[in-house]
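Okay, so here's the structure we're looking at.
In this text the structure is predicted, and so the values were computed from the model without any measurement.
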Amino acid sequence: MSFEEYLEHYTDVSKMLMFLALALAFSVICVFYILMIVGVQARFVPRSERKQFYYEKAHNTIQRFYEMVFSGASILSFLALYYLIDRFSPETGDFREFWDNYKDFLLLLMICLSIVFNNILDRMLIPLKKVTSSDRAGVRVLGMLYVILIFLYIKFIYENDNYDGFIMYFLGLMIGRFIYFDASFRDGIKTVLGALRNFPILILGLGFTAFMAYTGFTSDYLLVSNGVLVSTFIAHIYMIVAIFIIHHSHFMGLFARKPKPHEAGMVYENIDEPSVYYEEYDDGYDEGYDGYDGYDEYGDNDDHDDYGSDYYYDE
């Protein structure tokens, strides 16, 4: 098939809508699965803190799941572009000579550009405000493992050895992320623990990808002939569109509502360590009470003593 024929196949409106509906359905299943797990975890939190814990934990976990999909899709996007250029560019001529001489360097450049694309996805297109910098770093480390496992699936299930070079390349990048010359042992352990914390999210993301790939290939919407890597990236496009729809429809608000001020209880600084928390202040206490200019941190103001014992930070 020519490039034009592939384009015509993938832009068939009825097939596109069917595949998008499947992506939406499984996205919703993944979200409900996360909500169910967080609901079980919330049962072990004191009742007064439960609603706030559930809200924060649910949104953080779901957005880390989104970040995992974005990370994998960002890397796959430029690898798919690399594959398409290598396959469909003329076999002779100046461009082919340039490509053959510098394609390894161009691959590295494309991987760097994938980071920019990832930032566009999770900061502009679908802002993930509940994901911290450390969360994002941990997920992106596993994003490389996510792609490696996809390549291994292609290698052993489809018996395709075309991506062996990619596998070794990303293994080197991932090992280099954990082990580098100026890293201390403590930094290495911290990086490993950050990655392990997101391992269940990795499994869920791979399950989402496997479902989309299986339904796509069995329905003949995704084609093996244009490269399994390219078809897997096309599946990720639909996954991102489904996430976009769910995120901007505020679907999550129906099941993980933000607690009202009198229901908030404890506001968690680190939702993975429920013992570390502080009481949520009303705006009036931040600016002072009944005309006072505020209180010092030790509660030296006599008029503050009545309130200082009830509102405190537990560090």
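Pairing each heavy atom of I246 with each of S27, the nearest pair is CD1-CB, 3.3 Å. Contact detail for L20 and A242: the closest heavy-atom pair is CD1-N, 4.3 Å. R140 and N119 get closest at one heavy-atom pair: NH2-OD1, 2.8 Å. Across every non-hydrogen atom of H59 and A256, the tightest pair is NE2-O, 3.1 Å. Minimum heavy-atom separation, G227 to R87: N-NH1, 3.9 Å. Contact detail for G216 and S219: the closest heavy-atom pair is O-OG, 3.2 Å.
Between the side chains of R96 and S89, at least one donor-acceptor pair of N or O atoms lies under 3.5 Å.
Rounding to the nearest 0.5 angstrom, the gap separating the CD1 atom in I201 from the CZ atom in R64 is 5.0 Å. From I240, atom CD1 reaches atom NE2 of H247 across 13.5 Å, with rounding to the nearest 0.5 Å. Distance CG/L222 to OG1/T232: 7.5 Å, rounded to 0.5 Å. From I115, atom CD1 reaches atom OG of S71 across 9.5 Å, with rounding to the nearest 0.5 Å. Atom CG of L145 is separated from atom CD1 of I150 by 10.0 Å, given to the nearest 0.5 angstrom. Rounding to the nearest 0.5 angstrom, the gap separating the CD1 atom in I75 from the CZ atom in F78 is 11.0 Å.
Using a 4.5 Å heavy-atom cutoff, the side chains of V224 and F217 are in contact. Using a 4.5 Å cut-off on side-chain heavy atoms (C-beta onward), I234 and Y6 make no contact. Residues I85 and L106 fail the side-chain proximity criterion, which asks for heavy atoms closer than 4.5 Å. With a 4.5 Å cut-off on side-chain heavy atoms, L22 and Y238 do not count as touching. Side-chain contact between I62 and L35 is present, with heavy atoms from C-beta onward closer than 4.5 Å. Counting heavy atoms from C-beta outward, L128 and R136 have side chains that approach closer than 4.5 Å. Y66 places none of its side-chain heavy atoms less than 4.5 Å from the side chain of D122. I157 places none of its side-chain heavy atoms less than 4.5 Å from the side chain of L152.
Heavy-atom neighbours of E97 CD from other residues, nucleotides or ligands within 6.0 Å: at or below the threshold of 12. No more than 12 heavy atoms of other residues, nucleotides or ligands lie within 6.0 Å of OH in Y33, so this atom counts as exposed by the packing criterion. Summarising the local packing, CE of M124 is surrounded by 12 or fewer heavy atoms from other residues, nucleotides or ligands at distances under 6.0 Å. Other residues, nucleotides and ligands contribute more than 12 heavy atoms inside 6.0 Å of the CZ atom of F251. Around the CG atom of D94, the shell of radius 6.0 Å holds no more than 12 heavy atoms that belong to other residues, nucleotides or ligands. In the displayed structure, F88 atom CZ is contacted under 6.0 Å by more than 12 heavy atoms of other residues, nucleotides or ligands. No more than 12 heavy atoms of other residues, nucleotides or ligands shown are found within 6.0 angstrom of CZ on R257. Within a 6.0 Å radius of CE in M168, no more than 12 heavy atoms belonging to other residues, nucleotides or ligands are found.
Residue V116 is not grouped with residue I111 when hydrophobic side chains (ILVMFWY) are merged at heavy-atom distances under 4.5 angstrom, including chains of intermediate members. Residues Y221 and L7 do not share a hydrophobic cluster, defined by chaining ILVMFWY side chains whose heavy atoms lie under 4.5 Å apart. Residues L254 and I243 fall within the same hydrophobic cluster, defined by Ile, Leu, Val, Met, Phe, Trp and Tyr side chains chained together at heavy-atom separations under 4.5 Å. Clustering ILVMFWY residues whenever any of their side-chain heavy atoms sit less than 4.5 angstrom apart, transitively, puts F19 in the very cluster that holds I245. One hydrophobic cluster, built from ILVMFWY side chains closer than 4.5 Å, cannot hold both L76 and Y214; they sit in different ones.
Results of the ring pair (Phe, Tyr, Trp, His ring centres under 6.0 Å) test with H236 over F208, F70, Y146 single out Y146 as the only residue that passes. Checking L142, N118, D135 one by one against E67, the side chain to side chain contact (heavy atoms under 4.5 Å, CB included) holds for a single residue, N118.
Classification of the F95-W99 ring pair by plane angle, with boundaries at 30° and 60°, yields parallel.
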| field | Pair K130-Y55, side-chain contact (heavy atoms from CB on, under 4.5 Å): steps then yes or no | value | CA-CA 11 Å; K130 294 294 184 180; Y55 170 78; 3.7 Å; yes
| Q41/V38 under side-chain contact (heavy atoms from CB on, under 4.5 Å): CA gap, chis, key distance, verdict | CA-CA 5 Å; Q41 293 174 338; V38 174; 4.2 Å; yes
| task | Given side-chain contact (heavy atoms from CB on, under 4.5 Å), test F233 with V230 step by step and report yes or no. | result | CA-CA 5 Å; F233 170 63; V230 176; 5.7 Å; no
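Between the side chain of S231 and the main chain of L223, a donor-acceptor pair closer than 3.5 Å is present. A distance-only check finds no donor-acceptor pair linking the side chain of T61 to the backbone of A58 [under 3.5 Å].
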